[in-house]
Amino acid sequence: MQASSAILLFLLSTGIVASEAQAPPTPASPARPNPNPSEVAGIPVNYDEAKVGSYTLPDPLVLNNGKRVRSAKEWFGKRRPEIVELFETQQYGGAPGRPADESFEIVDKGTPALDGKAIRKQVTIHLMKDPAAPKIDLLIYLPANAKKPVPLLLSINFTAVSNAVDDPGIKPETVWDPKTNTRIPATQSRFFGPTNILPLLDAGIGYATFYYGDVDPDYPAGFSNGIRAWYLKPGQKDRAPDEWGSIAAWAWGMSRAEDYFETDPAVDAKRVAIHGISRLGKTVMWAGAHDQRFAAVIASCSGEGGAALSHRDFGETIAHLTAPSRYPYQFAVNYQKYSGFPDAAPFDAHMLIALIAPRPVLLQTGSTDNWSDPKGEFLAAVAAGPVYKLLGKDGLDTEIWPAAKQPILHDIAYYMHDGGHGMVPSDWDIYLQFLKTHLRPEQ
């Protein structure tokens, strides 16, 4: 499937390619830009372990007053709120709570689909009363033979739901065109292959997805068309330094999907795992950290700004992320303060992982995806281990970086396929193992 040239050029320039399609991916995809550039946005990139240098990570178990956290009660009552505030104000930006006027329009109450193996539901989540406000089109599939509420994987998607699954019964959708800053038919932008969700359904797990652009367009000029514009104060034109960027908005949208799941008797809302790739891997990291209703997190190649350590100078850095020509709109304005000075940050990715504790998290990456620093993700997972241990859960229990194709599937799980950015088909087998272990679909 090929996108229109405008959309394809945009997605290639931002690093979103068909290898980032939702699991499991299709084999064919456009070539990704040079995965190991020596310079990005005029900023050098280091890929030499010998040049990483030394660094000291903030201790997630030490309170702002210098005292050490000794119990789960202290973690949840004192330290965890401190770390949440750091990420809210300094990296992703603070988002509003559940909208007061949120409502759910059931477009498809439940229709047999996928040769009778699934029940398809389609729900429009109205985020505000004003019909002009952004709304989320949520697509849901449940195992057709389910006799009780099922666990579910919610995967935030780069493409419209009408492209996400090979099912002619899906309501047609539109997607954002960054060249015209308007929505165009999704059929004109489709190059992501449809998702084969049958293995998930066969395991007794439901699947849901929505298009991230329903919440916030993924380019700077799209701000006025996204949900964040609707929360500006009267007379306000620019974001405050600690207000939400696009990643926080997309994560907020995932929470709105969870709001709906809590109303659907066919879904076990306490067993909803979330999944995303690349910038949407960053999104699910923050969604899982911020919203404790999510039962588990699967983040694929989330890299810098996600699960990779910023204090470690390898691959993409905060400076690359927040360069004016790249993605400053995805983060709080305050995040730019640490561009070139990551050691000054009182937080890092290991603390983001720790916020997900005691819930399970799987960091899936690729052995040649140096830009996203797979070793940096592993080291962040290692450094988050003491928090999981404090809460009675298993960290990685090793400090030796595993080779590709050697999964560690503890409460903190790590898996690196042999290859680059995004997913390969064998990753899906690891996902299923992880989900069956932690969502327990047989119960």
Side-chain angles (χ1 to χ4, degrees), residues 57-87 149 151-154 205 251 254-255 258 262 268-275 284-299 302 306-309 347-365 377-402 406-415 430-443:
L57 295 177
D59 192 330
L61 290 176
V62 172
L63 293 161
N64 289 346
N65 63 12
K67 294 183 178 180
R68 188 155 194 86
V69 174
R70 301 291 182 184
S71 67
K73 181 178 179 181
E74 283 186 308
W75 168 257
F76 286 109
K78 297 180 179 179
R79 183 55 174 157
R80 191 180 189 283
E82 289 180 348
I83 298 175
V84 169
E85 183 180 13
L86 279 172
F87 280 100
L152 181 144
L153 177 65
L154 170 62
I205 301 171
M254 300 195 82
S255 291
E258 175 68 4
E262 291 182 331
D268 185 344
K270 295 186 182 300
R271 290 191 288 170
V272 174
I274 55 177
H275 165 253
V284 299
M285 289 295 297
W286 180 231
H290 196 260
D291 190 337
Q292 297 180 76
R293 293 178 298 172
F294 292 122
V297 175
I298 301 176
S302 62
L309 291 174
F347 58 93
D348 210 329
H350 65 304
M351 297 163 73
L352 181 64
I353 297 169
L355 290 178
I356 299 172
R359 294 161 294 145
V361 55
L362 168 58
L363 307 181
Q364 174 263 304
T365 183
E377 291 197 17
F378 172 79
L379 294 173
V382 170
V387 176
Y388 274 76
K389 184 177 180 179
L390 177 74
L391 301 180
K393 298 296 183 178
D394 290 329
L396 292 177
D397 295 337
T398 181
E399 295 184 3
I400 300 173
W401 186 30
Q406 293 185 6
I408 301 173
L409 297 179
H410 299 169
D411 294 302
I412 301 180
Y414 179 89
Y415 178 68
I430 303 300
Y431 286 12
L432 280 176
Q433 288 182 50
F434 178 80
L435 291 170
K436 286 192 286 188
T437 297
H438 295 291
L439 296 187
R440 304 178 305 281
E442 72 283 352
Q443 296 184 9

Quick check: do [X] and [Y] have side-chain heavy atoms less than 4.5 Å from each other?
{"X": "Phe76", "Y": "Ser71", "answer": "no"}
{"X": "Phe294", "Y": "Met254", "answer": "yes"}
{"X": "Asp411", "Y": "Pro358", "answer": "no"}
{"X": "Met351", "Y": "Ile353", "answer": "no"}
{"X": "Leu61", "Y": "Leu390", "answer": "yes"}
{"X": "Ile412", "Y": "Asp394", "answer": "no"}
{"X": "Phe87", "Y": "Leu352", "answer": "yes"}
{"X": "Leu363", "Y": "Met285", "answer": "yes"}

Euclidean distance, [Y] [atom2] relative to [X] [atom1], rounded to 0.5 Å:
{"X": "Leu154", "Y": "His275", "atom1": "CG", "atom2": "NE2", "value": "10.5 Å"}
{"X": "Leu152", "Y": "Lys270", "atom1": "CG", "atom2": "NZ", "value": "15.0 Å"}
{"X": "Asp268", "Y": "Arg440", "atom1": "CG", "atom2": "CZ", "value": "9.0 Å"}
{"X": "Asp397", "Y": "Lys389", "atom1": "CG", "atom2": "NZ", "value": "8.5 Å"}
{"X": "Leu396", "Y": "Leu409", "atom1": "CG", "atom2": "CG", "value": "10.0 Å"}
{"X": "His290", "Y": "Ile356", "atom1": "NE2", "atom2": "CD1", "value": "13.0 Å"}

Tell me whether [X] contacts the main-chain N or O of [Y] through its side chain, where contact means a donor paired with an acceptor under 3.5 Å.
{"X": "Tyr414", "Y": "Gln406", "value": "no"}
{"X": "Arg80", "Y": "Trp75", "value": "no"}
{"X": "His350", "Y": "Pro58", "value": "yes"}

For the student: nearest non-hydrogen atoms of [X] and [Y], plus distance:
{"X": "Ile400", "Y": "Phe378", "value": "O-CZ, 3.4 Å"}
{"X": "Leu57", "Y": "Ala383", "value": "CD1-CB, 3.9 Å"}
{"X": "Val387", "Y": "Ala357", "value": "CG1-CB, 4.0 Å"}
{"X": "Tyr388", "Y": "Gly395", "value": "CB-N, 4.4 Å"}
{"X": "Gly288", "Y": "Val297", "value": "CA-CG2, 3.8 Å"}
{"X": "Tyr431", "Y": "Leu362", "value": "CD1-CD2, 3.8 Å"}

Check Glu262 with Arg293, please: is the shortest side-chain N to carboxylate O separation under 4.0 Å?
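Glu262 and Arg293: salt-bridged.
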Crowding at CD, Gln443 (>12 non-hydrogen neighbours, <6.0 Å):
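Correct, the count exceeds 12.
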Take Gln292 and Arg359, measure what side chain to side chain contact (heavy atoms under 4.5 Å, CB included) needs, and give me the verdict at the end.
CA-CA 8 Å; Gln292 297 180 76; Arg359 294 161 294 145; 4.0 Å; yes
Give me the one residue out of Glu85, Arg79, Lys78 that meets side chain to side chain donor-acceptor pair (under 3.5 Å) with Asn64.
Arg79
Let's go through Arg68 and Asp59 carefully: what are the C-alpha distance in whole Å and the side-chain angles of both, what is the deciding distance for salt bridge (Lys or Arg N to Asp or Glu O under 4.0 Å) to 0.1 Å, and is it a yes or a no?
CA-CA 9 Å; Arg68 188 155 194 86; Asp59 192 330; 2.8 Å; yes
Derivation of the side chain to side chain contact (heavy atoms under 4.5 Å, CB included) call for Ile298 and Val284:
CA-CA 7 Å; Ile298 301 176; Val284 299; over 6 Å; no
